Asks: 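First, the structure itself, so that you have it in front of you.
Computed from a predicted model, the values in this text were never measured in an experiment.
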Amino acid sequence: MWTRLYALIVKELLAVLRDPKGRAILIGPPIVQLLVFSYAATLEVRNVDVMILNRDSGHWGQELIERIDGSPTFRKIEIAGSQAEVRVAIDNQTAIAAVEIGPDFSRNIEAGAPADLQVVLDGRRSNASQIVAGYLSQIGAALAAETPAGKRAGADIVSTVPRNWFNPNLTYQWFMVPNLIASIALLIGLIVTALSIARERELGTFDQLMVSPLRIHEILIGKLIPPMMIGLFHITVYILAAVFLFDVPLRGSLFLLYGSAIFYLGSVAGLGLFISALSMTQQQAILGAFLFMVPAMLLSGFATPIENMPGWLQPVTLINPLRYFLVIVKGVFLKDIPLSEVVNQTIPLALIATVTLSAAAWLFRRRLE
């Protein structure tokens, strides 16, 4: 049996690695995605343009403008002469926000009266607008604390000092790169496995494989191991990049990470084999893989917390292997999660792998009947 398995594993690896296009797909896109997602795919808002309509001639209005201009968030500050200019800037998306300082702004601050600011936001960019509004509110709050009324009330105000655990400086690469380790392994593992049987059908070698001395479970193992080996290679490359290129701290155990990665890649390969067994052509296999992959990314907690999703949708995430491995990867890198938590997240991965591989074996047997 071991000789037959070895021959099938070597055959699968050569089928992927001998093809120049196949090698390019396995090496090029993951590296490009690592660089693009790590530096460009961020929820932070920087280098945005803001317009200011200053109708106040006092000191505090000018002080507010200087503070907004000195913020690293904003790239350019445009001074508007009228509300019509503000409307044109927002309509044409040349500014994401406009701040209107009222004529009594400085007078009200000196008198200790409430001094309001009007902030006009571009609702077409809702997420960025909300973040910019938060930045402007922080600048306004800092200015209010330094006004005479703010200093007098400072002794009676409870001050809060935020402390961010696990990521003190809120470095976005610390969040993004561990997520990419799991996401790219899903992409590569699913595509390589989904194409394996579909490729056999297009080349006309599937029937030969079925009548070979290999048994069904041997075919599954032979088709399962090469994508897992490729996936472990990509995980290793991404771990090295995370530690040495992006300076992401590795606080947990690599042994636990790789142990859970085997079950994760097994569940991904099982899904790929199931899709491949259903597909008749490689095009159908690719479409099937992306049909699963896009919802898997959205329902994994990668970009939005699962708790924020509708109650009827949250149970669907239980069959998503990416959901569990994201918890493990981020926990091992940033939190040094214990063995018990890794086991709790790995058990669902083992169940998913068992179910999908059993379903793929059942489809294979149906082909023989």
Asks: Is any side-chain heavy atom of Ile239 less than 4.5 Å from a side-chain heavy atom of Leu257?
Replies: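 Yes, close enough: below the 4.5 Å cut-off.
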Asks: How about CZ on Phe105, more than 12 heavy atoms from neighbouring residues, nucleotides or ligands closer than 6.0 Å, or not?
Replies: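 Yes, enclosed.
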Asks: Is the shortest side-chain heavy-atom distance between Val48 and Arg75 below 4.5 Å?
Replies: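 Side-chain contact under 4.5 Å: no.
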Asks: If hydrophobic clusters are built by linking Ile, Leu, Val, Met, Phe, Trp and Tyr wherever their side-chain heavy atoms come under 4.5 Å apart, do Val294 and Leu299 end up in the same one?
Replies: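 No, Val294 and Leu299 fall in different hydrophobic clusters.
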Asks: Is it true that the side chains of Asp122 and Ser129 contain a donor and an acceptor less than 3.5 Å apart?
Replies: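 No, Ser129 and Asp122 have no side-chain donor paired with an acceptor closer than 3.5 Å.
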Asks: Quick one: closest heavy-atom pair of Val342 and Ser260, and the distance?
Replies: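 Of all heavy-atom pairs spanning Val342 and Ser260, the closest is CG1-CB, 4.2 Å.
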Asks: Rounded to the nearest 0.5 Å, what's the gap from CD1 on Ile286 to CG on Leu291? Could you check?
Replies: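 Result: 13.5 Å between the selected atoms.
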Asks: Should we say atom CD of Gln314 is surrounded by more than 12 heavy atoms from elsewhere, each under 6.0 Å from it?
Replies: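 Yes.
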Asks: Are Leu187 and Leu349 linked, directly or through intermediate hydrophobic residues, by side-chain heavy-atom contacts shorter than 4.5 Å (ILVMFWY only)?
Replies: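 They do share one cluster, since a chain of ILVMFWY contacts under 4.5 Å joins Leu349 to Leu187.
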Asks: Less than 4.5 Å apart, side chain to side chain, heavy atoms only: is that true for Ile139 and Phe74?
Replies: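 They are in contact (side-chain heavy atoms under 4.5 Å apart), so the answer is yes.
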Asks: Could you tell me whether the side chain of Ser71 reaches within less than 4.5 Å of the side chain of Tyr135, counting heavy atoms only?
Replies: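 A side-chain contact under 4.5 Å is absent here.
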Asks: Just by modelled atom types, is the Ala350 backbone N or O under 3.5 Å from a matching donor or acceptor in the Thr354 side chain?
Replies: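 Yes; at least one donor-acceptor contact below 3.5 Å.
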Asks: Does the side-chain contact (heavy atoms from CB on, under 4.5 Å) test come out yes or no for Ile52 and Ile68, once each step is laid out?
Replies: CA-CA 10 Å; Ile52 297 178; Ile68 295 175; 4.0 Å; yes
Asks: Flag the pair Pro168 / Trp174 as yes when at least one side-chain heavy-atom distance between them is below 4.5 Å, and no otherwise.
Replies: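 Touching, per the 4.5 Å side-chain cut-off.
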Asks: Does CZ in Arg107 sit with more than 12 non-hydrogen atoms of other residues, nucleotides or ligands closer than 6.0 Å?
Replies: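 No, CZ of Arg107 has 12 or fewer neighbouring heavy atoms, counting only those of other groups under 6.0 Å.
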Asks: Using the ring of each side chain (for Trp, its six-membered ring), is Phe302 parallel, tilted or perpendicular to Phe175, with breaks at 30° and 60°?
Replies: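 Plane angle between 30° and 60°, so tilted.
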Asks: Got Glu100 and Val86 here, is their nearest side-chain heavy-atom distance under 4.5 Å?
Replies: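 No; the side chains remain at least 4.5 Å from each other.
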Asks: Do Ile77 and Val120 share a hydrophobic cluster, counting only Ile, Leu, Val, Met, Phe, Trp and Tyr and linking them when any side-chain heavy atoms are less than 4.5 Å apart?
Replies: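 No; Val120 is not reachable from Ile77 via cluster members.
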Asks: Under the side-chain contact (heavy atoms from CB on, under 4.5 Å) criterion, do Leu318 and Tyr324 qualify, and how do the steps go?
Replies: CA-CA 9 Å; Leu318 298 175; Tyr324 305 102; 3.7 Å; yes
Asks: Under 3.5 Å, is there a donor-acceptor pair between the side chain of Glu85 and the main chain of Gly81?
Replies: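 Yes: the side chain of Glu85 pairs with the backbone of Gly81.
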Asks: For the atom pair CG (Leu53) and CD1 (Ile101), what is the distance rounded to the nearest 0.5 Å?
Replies: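 Those atoms lie 8.5 Å apart.
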Asks: Quick one: pull up CE in Met297 and CZ in Phe290 and give me the separation to the nearest 0.5 Å.
Replies: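 One gets 11.0 Å once the value is rounded to the nearest 0.5 Å.
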Asks: For Ala261 and Leu232, which heavy atoms make the closest approach, and how far apart are they?
Replies: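 Minimum heavy-atom separation between Ala261 and Leu232: CB-CD2, 4.3 Å.
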Asks: Check this for me: Phe255, atom CZ, are more than 12 non-hydrogen atoms of other residues, nucleotides or ligands nearer than 6.0 Å?
Replies: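 No - once you tally the heavy atoms of other residues, nucleotides and ligands closer than 6.0 Å, there are 12 at most.
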Asks: Residues in side-chain contact (heavy atoms from CB on, under 4.5 Å) with Ile347, at least two apart?
Replies: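 Expected list: Val343, Leu351.
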Asks: Between Tyr258 and Thr236, does any side-chain donor sit less than 3.5 Å from a side-chain acceptor?
Replies: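 Yes, a side-chain donor-acceptor pair sits under 3.5 Å.
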Asks: More than 12 non-hydrogen atoms from neighbouring residues, nucleotides or ligands closer than 6.0 Å to CZ on Arg87, yes or no?
Replies: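 No, not enclosed.
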Asks: For Met309 and Leu298, which heavy atoms make the closest approach, and how far apart are they?
Replies: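 Heavy atoms only, the tightest pair is CE-O, 3.4 Å.
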Asks: With the threshold set at 4.0 Å, does a side-chain nitrogen-carboxylate oxygen contact exist between Glu78 and Lys76?
Replies: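 Yes.
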Asks: Working to the nearest 0.5 angstrom, can you tell me the gap between Leu271 CG and Leu322 CG?
Replies: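 Interatomic distance, Leu271 CG to Leu322 CG, rounded to 0.5 Å: 11.0 Å.
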Asks: Which heavy atom of Leu326 sits nearest a heavy atom of Ala182, and at what distance?
Replies: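 Heavy-atom minimum between the residues: CD2-CB, 3.7 Å.
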Asks: Within the distance-only criterion (no hydrogens, no angle test), does the side chain of Arg55 pair as donor or acceptor with the backbone N or O of Asp104 below 3.5 angstrom?
Replies: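 The answer is no, because no donor-acceptor pair under 3.5 Å joins these two groups.
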Asks: Would you mind writing out the side-chain donor-acceptor pairs for residues 332-339 within the sub-3.5 Å range, not counting sequence neighbours?
Replies:
none

Asks: Measure the CE-CD1 distance between Met228 and Ile235 for me, rounded to the nearest 0.5 Å.
Replies: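 Met228 atom CE to Ile235 atom CD1 measures 9.5 Å (nearest 0.5 Å).
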Asks: Determine the minimum heavy-atom distance between Ala133 and Leu121, stating which atoms define it.
Replies: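 So the two residues come closest at CB-CD1, 3.7 Å.
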Asks: Under a 3.5 Å distance rule, please check whether Ser267 uses its side chain to pair with a backbone N or O of Pro321 as donor and acceptor.
Replies: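 No, the answer is negative, given that no donor and acceptor are paired below the 3.5 Å cut-off.
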Asks: A quick test of your reading: do over 12 heavy atoms of other residues, nucleotides or ligands sit less than 6.0 Å from CZ of Phe233?
Replies: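 Counting neighbours around CZ of Phe233, 12 or fewer heavy atoms of other residues, nucleotides or ligands fall under 6.0 Å, so no.
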Asks: Step by step, would you call Met293 with Leu186 a side-chain contact (heavy atoms from CB on, under 4.5 Å)?
Replies: CA-CA 8 Å; Met293 192 162 47; Leu186 172 67; 4.2 Å; yes
Asks: Measure from the side-chain N and O atoms of Asn167 to the backbone N and O of Thr171, and report whether any donor-acceptor pair falls under 3.5 Å.
Replies: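 Yes: the side chain of Asn167 pairs with the backbone of Thr171.
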Asks: Same hydrophobic cluster for Leu273 and Leu287, using side-chain heavy-atom links shorter than 4.5 Å among ILVMFWY?
Replies: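 No, separate clusters.
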Asks: Should Thr346 and Phe325 be marked as a side-chain contact (heavy atoms from CB on, under 4.5 Å) after you check the CA-CA gap, both sets of side-chain angles, and the distance that decides it?
Replies: CA-CA 8 Å; Thr346 305; Phe325 195 58; over 6 Å; no
Asks: Indicate yes or no for a side-chain donor-acceptor contact from Tyr238 to the backbone of Pro178 under 3.5 Å, with no hydrogens or angles considered.
Replies: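 No.
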Asks: With rounding to the nearest 0.5 Å, note down the distance linking CD1 in Ile65 to CG in Asn54.
Replies: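 The CG atom of Asn54 is 4.0 Å from CD1 of Ile65, to the nearest 0.5 Å.
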Asks: What residues join Val88 in its hydrophobic cluster, counting side-chain heavy atom gaps under 4.5 Å, either direct or through other members?
Replies: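 The other cluster members (ILVMFWY side chains, heavy atoms under 4.5 Å, direct or chained): none.
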Asks: Locate the shortest heavy-atom distance separating Gly189 from Val268; write the atom from each residue and the value.
Replies: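 Minimum heavy-atom separation between Gly189 and Val268: C-CG1, 3.8 Å.
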Asks: Find out whether Phe292 and Leu190 are in side-chain contact, i.e. whether some heavy atom of one side chain is under 4.5 Å from a heavy atom of the other.
Replies: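 SC-SC contact between Phe292 and Leu190 confirmed.
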Asks: With hydrophobic residues grouped by side-chain heavy-atom distances under 4.5 Å, do Leu265 and Val327 end up in a single group?
Replies: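 Leu265 and Val327: separate clusters.
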Asks: If only side-chain N and O atoms count, and only distance matters, is there a donor-acceptor pair under 3.5 Å linking Arg323 with Ser300?
Replies: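 Their side chains do not contain a donor-acceptor pair, so the 3.5 Å distance test is not met.
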Asks: Taking atom CD1 of Ile319 as the centre, does the number of heavy atoms from other residues, nucleotides or ligands within less than 6.0 Å exceed 12?
Replies: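 Open: at most 12 neighbouring heavy atoms sit under 6.0 Å from CD1 of Ile319.
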Asks: Does Ile96 reach the side chain of Arg125, with side-chain heavy atoms less than 4.5 Å apart?
Replies: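 Counting from C-beta outward, Ile96 and Arg125 do come under 4.5 Å.
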